[in-house]
K.L.:
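Provided herewith is a single structure, encoded as C-alpha cells, for subsequent inquiry.
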Amino acid sequence: MIKRILPIALLSAVLINNTGCKSGGGGFKKVKGIEYKTVKDVPGKNAANGDIVEFHIRAKVDTMELADTWKNGGKPVPSRVEDIKTSGQFQAVFPYVSAGDSLEIEISCDTLMKEMPVQNQQQLPWLKKGKKIKINMSIVSIKSMEEYKKDMEKQQEDMKREMDQKSAQQMPVDDKMLQDYFASKNIKAQKTASGLYYTIEKQGSGPQIAAGQTASVMYTGKTLDGKTFDSNRDPAFKHTDPLTVQVGSRGVIPGMDEGLTLLKKGSKATLYIPSPLAYGPQSPSPDVAPNSILVFEVEITDVKAGQAPPQGGPQAQ
C-alpha cells in the first residue's frame with residue numbers, strides 16, 4: 001500500500017507476418033488457422049511488420065463474452081505487427097487491413113487446443129471442442145513505431161499536465177483540512193516546501209537519510225479520520241518485515257520518499273501527506289478514497305549506504 005501504483009500496462013499480443021493483398025467481398029478467407037471476412041474495406045496502406053495497429057474488438061463464444069473494448073467508452077487496443085509461429089491468432093489479419101476497415105473473424109477452438117498446453121486449456125471454461133470464437137474487429141489506426149511513440153509521448157505529457165493542474169487545485173484544499181486537523185488535535189507539525197507536514201517523536205542518530213541510501217521502515221498508514229489501511233506492525237495485514245526503500249528512487253509515494261530524507265536511523269516520526277503527494281485521484285484500495293490525505297507513523301530501523309539514483313529516471317506511478 002505504501003508502494004506507488006504502477007500504470008496500467010497496454011495489452012501486448014502475439015502477431016504474425018503474412019504477405020498478400022487485402023480481400024473484399026462476401027466470402028470468408030483463411031489465413032493461419034483462422035477465417036476472416038472484410039465487412040468494410042477502406043482504401044489505404046496495409047499494415048506492415050513493425051507497425052502498430054490500434055483496434056477495437058468484440059469476441060464471444062456462443063453467448064459468453066470474452067472481450068469488448070467498445071464497452072464504457074473504452075480505448076482501442078494497440079498491437080505490434082510481428083512474425084508469429086502458431087495458428088489461431090486473430091492478429092493474422094493485420095497484413096490485410098488498413099485504417100477504417102471492419103472485419104468478422106472466426107477461430108475454431110479446436111485450432112487453439114492443438115496449440116495450447118492442456119493445463120492452460122483447463123483455465124478457459126469456454127474452450128471446448130467444436131466451438132468457435134466469433135470476433136468483430138474495427139481498425140482505428142495504423143502507425144509506424146516512430147509515429148506511435150510520438151503519440152504516446154504527447155499523451156503522457158497531456159496526462160501529466162492535467163494531473164499537475166488537478167494537484168495544484170487540490171493542494172490548498174488538503175492544506176486547509178490539515179491545518180484544521182492540527183488545530184483540533186493540538187499538533188505542532190512542521191511543513192516542507194512541497195506541502196508535506198511532519199512531526200518527529202524521536203530524533204534518531206547520525207546523519208539524515210540521503211538519496212540513494214536504503215532505509216528499513218516500520219510503518220502504519222492511516223487515513224485522516226484514523227482508519228488504518230496498511231501496516232507492517234500489525235499482523236492482521238500479513239506482512240511484518242521492515243519495508244526497504246531506496247530513497248530517491250521514486251519507488252514509494254512522493255510524500256514518503258521526501259519524508260524519509262528528514263529522518264535518521266532510529267527516528268520515529270509521523271508524516272502527514274496531502275493527496276497530491278500520495279495517490280492523488282487514484283484509489284489504491286477500498287479503504288483509501290480518491291484524494292485522501294494519508295498519515296504514516298514511521299520508524300527507521302536501519303539505513304544502508306548506496307548510490308544516488310540517476311536524475312530524470314523512470315518514475316513509478
K.L.:
Can Phe94 and Met137 be said to form a side-chain contact (heavy atoms from CB on, under 4.5 Å), step by step?
P.N.:
CA-CA 11 Å; Phe94 286 165; Met137 179 183 289; 4.1 Å; yes
K.L.:
Using a 4.5 Å cut-off on heavy atoms from C-beta on, say whether the side chain of Val97 contacts that of Thr38.
P.N.:
no
K.L.:
Do the side-chain N and O atoms of Gln91 and Ser79 include a donor-acceptor pair separated by under 3.5 angstrom?
P.N.:
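The criterion, which ignores hydrogens and geometry beyond distance, is not satisfied for Ser79 and Gln91.
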K.L.:
Could you give the distance from CE (Met256) to CG (Leu243), rounded to the nearest 0.5 Å?
P.N.:
7.5 Å
K.L.:
For the rings on Phe90 and Phe55, is their centre-to-centre separation under 6.0 Å?
P.N.:
yes
K.L.:
Within a strict 4.5 Å, meaning less than it, do heavy atoms of the Thr69 and Lys75 side chains meet?
P.N.:
no
K.L.:
Okay, side chain of Glu106, backbone of Lys132: is any donor-acceptor separation there less than 3.5 Å?
P.N.:
no
K.L.:
Verify, without hydrogens or angle tests, whether Glu299 (side chain) and Met218 (backbone) share a donor-acceptor contact under 3.5 angstrom.
P.N.:
no
K.L.:
For Phe237, which residues count as a ring pair (Phe, Tyr, Trp, His ring centres under 6.0 Å) partner, sequence neighbours excluded?
P.N.:
none
K.L.:
Please report the closest heavy-atom contact between Gln170 and Ser275, naming both atoms and the distance.
P.N.:
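Nearest pair, atom of Gln170 first, then Ser275: CG-OG, 3.3 Å.
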K.L.:
Please evaluate residues Lys149 and Glu153 with respect to the criterion salt bridge (charged side-chain N to carboxylate O under 4.0 Å, His left out), reporting the C-alpha separation (whole Å), side-chain torsions for both, the decisive distance (0.1 Å), and the verdict.
P.N.:
CA-CA 6 Å; Lys149 285 181 177 179; Glu153 289 172 358; over 6 Å; no
K.L.:
Do Leu178 and Lys191 come within less than 4.5 Å of each other through their side chains, counting heavy atoms only?
P.N.:
no
K.L.:
Can Gln155 and Asp151 be counted as having a side-chain donor-acceptor contact under 3.5 angstrom?
P.N.:
no
K.L.:
Ile200, Val245: one ILVMFWY side-chain cluster at the under-4.5 Å cut-off?
P.N.:
yes
K.L.:
What distance separates Ile107 CD1 from Tyr36 OH, expressed to the nearest 0.5 Å?
P.N.:
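Ile107 atom CD1 to Tyr36 atom OH measures 13.5 Å (nearest 0.5 Å).
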K.L.:
Heavy atoms, side chains only, cut-off 4.5 Å: are Ser194 and Leu277 in contact?
P.N.:
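Yes, at least one pair of side-chain atoms sits under 4.5 Å.
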K.L.:
Pick one: which of Tyr197, Tyr198, Phe229 meets ring-ring contact (aromatic ring centres under 6.0 Å, His included) with Phe296?
P.N.:
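Testing Phe296 for a ring-ring contact (aromatic ring centres under 6.0 Å, His included) against Tyr197, Tyr198, Phe229 leaves exactly one candidate, Phe229.
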K.L.:
If you group Ile, Leu, Val, Met, Phe, Trp and Tyr by side-chain heavy-atom gaps below 4.5 Å, do Met171 and Ile253 land in one group?
P.N.:
yes
K.L.:
Show the numbers, then the answer: is there a salt bridge (charged side-chain N to carboxylate O under 4.0 Å, His left out) between Asp110 and Lys114?
P.N.:
CA-CA 6 Å; Asp110 293 9; Lys114 291 177 182 177; over 6 Å; no
K.L.:
Would you name the heavy atoms of Asp101 and Val42 that are closest together and state the gap between them?
P.N.:
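In this case the closest contact between Asp101 and Val42 is OD1-N, 2.6 Å.
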K.L.:
Can Leu224 be reached from Leu271 by stepping across I, L, V, M, F, W or Y side chains whose heavy atoms are under 4.5 Å apart?
P.N.:
no
K.L.:
Kindly check if the number of other-residue, nucleotide or ligand heavy atoms within 6.0 Å of NZ (Lys131) is above 12?
P.N.:
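No - once you tally the heavy atoms of other residues, nucleotides and ligands closer than 6.0 Å, there are 12 at most.
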K.L.:
Check the hydrophobic clustering (I, L, V, M, F, W, Y; side-chain heavy atoms under 4.5 Å; chains of links allowed) and say if Ile187 and Leu196 are grouped together.
P.N.:
no
K.L.:
Inspect the contact between Glu297 and Lys222 and indicate whether a charged nitrogen and a carboxylate oxygen are less than 4.0 angstrom apart.
P.N.:
yes
K.L.:
In terms of relative ring orientation, are Tyr272 and Phe182 parallel, tilted or perpendicular, with 30° and 60° separating the classes?
P.N.:
perpendicular
K.L.:
Would you check, one step at a time, whether the test side-chain contact (heavy atoms from CB on, under 4.5 Å) holds for Lys32 with Gln89?
P.N.:
CA-CA 7 Å; Lys32 283 287 185 175; Gln89 302 292 327; over 6 Å; no
K.L.:
With rounding to the nearest 0.5 Å, note down the distance linking CD in Glu157 to CD in Glu162.
P.N.:
14.0 Å
K.L.:
Determine the minimum heavy-atom distance between Asn232 and Val217, stating which atoms define it.
P.N.:
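So the two residues come closest at ND2-O, 3.0 Å.
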K.L.:
Answer with yes or no whether the side chains of Asp230 and Tyr219 bring together a donor and an acceptor at under 3.5 Å.
P.N.:
yes
K.L.:
Has Lys268 got more than 12 heavy atoms of other residues, nucleotides or ligands less than 6.0 Å from its NZ?
P.N.:
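Open.
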K.L.:
For Trp70, what residues pass the ring pair (Phe, Tyr, Trp, His ring centres under 6.0 Å) criterion, not counting sequence neighbours?
P.N.:
His56
K.L.:
Would you say that Ser138 contacts Ser102 through its side chain, given a criterion of any heavy-atom pair below 4.5 Å between the two side chains?
P.N.:
yes
K.L.:
With distance as the sole test, does Thr240 use its side chain to make a donor-acceptor pair with the main-chain N or O of Pro235 at under 3.5 Å?
P.N.:
no
K.L.:
Do we see a donor-acceptor contact under 3.5 Å between the side chains of Glu201 and Thr199?
P.N.:
yes
K.L.:
Quick check: closest heavy atoms across Ala289 and Ser292, and the distance to 0.1 Å?
P.N.:
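Nearest pair, atom of Ala289 first, then Ser292: O-OG, 2.6 Å.
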K.L.:
Test Ile133 against Leu112 for side-chain contact (heavy atoms from CB on, under 4.5 Å), laying out the working first.
P.N.:
CA-CA 10 Å; Ile133 305 170; Leu112 292 181; 3.5 Å; yes
K.L.:
If I take atom OG1 from residue Thr244 and atom CG from residue Asp302, how far apart are they, to the nearest 0.5 angstrom?
P.N.:
10.5 Å
K.L.:
Counting distance only, does the side-chain N/O of Asp68 pair as donor-acceptor with the main-chain N or O of Arg58 below 3.5 Å?
P.N.:
no
K.L.:
Determine, for Asp158 against Arg161, whether the closest basic-nitrogen to carboxylate-oxygen distance falls under 4.0 angstrom.
P.N.:
yes
K.L.:
State, yes or no, whether a side-chain contact exists between Cys109 and Lys128 at a heavy-atom distance under 4.5 Å.
P.N.:
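Result no, sub-4.5 Å side-chain heavy-atom pair not found.
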K.L.:
Do Asp287 and Ser285 have side-chain atoms, one donor and one acceptor, less than 3.5 Å apart?
P.N.:
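Not at all, the side chains of Asp287 and Ser285 share no donor-acceptor pair under 3.5 Å.
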K.L.:
Atom CD of residue position Glu146 - does it have more than 12 heavy atoms of other residues, nucleotides or ligands inside 6.0 Å?
P.N.:
no
K.L.:
Are any of the side-chain heavy atoms of Thr111 and Ile34 separated by less than 4.5 Å?
P.N.:
no
K.L.:
Taking all non-hydrogen atoms of both residues, which atom of Asp257 and which atom of Val252 are closest, and how far apart?
P.N.:
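Minimum heavy-atom separation between Asp257 and Val252: N-CG2, 3.8 Å.
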K.L.:
Applying the side-chain contact (heavy atoms from CB on, under 4.5 Å) criterion to Glu35, which one of Glu104, Lys29, Lys30 satisfies it?
P.N.:
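Only one option passes, and that is Lys30.
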K.L.:
Using the rule given for side-chain contact (heavy atoms from CB on, under 4.5 Å), can you reason through Thr220 versus Asp234, listing the C-alpha separation, both sets of side-chain angles and the distance that settles it, and then say yes or no?
P.N.:
CA-CA 8 Å; Thr220 295; Asp234 186 346; 6.0 Å; no
K.L.:
Salt-bridged, Asp51 to Lys143, with N to O below 4.0 Å?
P.N.:
no
K.L.:
Restricting to non-hydrogen atoms, name the atom on Pro290 and the atom on Pro281 that form the minimum distance, rounded to 0.1 Å.
P.N.:
CB-O, 3.2 Å
K.L.:
Supply the atom-to-atom distance Gln121 CD to Trp126 CH2, rounded to the nearest 0.5 angstrom.
P.N.:
10.0 Å
K.L.:
Does CE in Met159 sit with more than 12 non-hydrogen atoms of other residues, nucleotides or ligands closer than 6.0 Å?
P.N.:
no
K.L.:
Decide yes or no for Thr223 and Val295: does some side-chain heavy atom of the first lie under 4.5 Å from some side-chain heavy atom of the second?
P.N.:
no
K.L.:
Please report the interatomic distance OG(Ser98) to CD1(Ile142), rounded to the nearest 0.5 Å.
P.N.:
6.0 Å
K.L.:
Verify the cluster assignment for Ile293 and Met163: are they in a single hydrophobic cluster under the rule of side-chain heavy atoms below 4.5 Å apart?
P.N.:
no
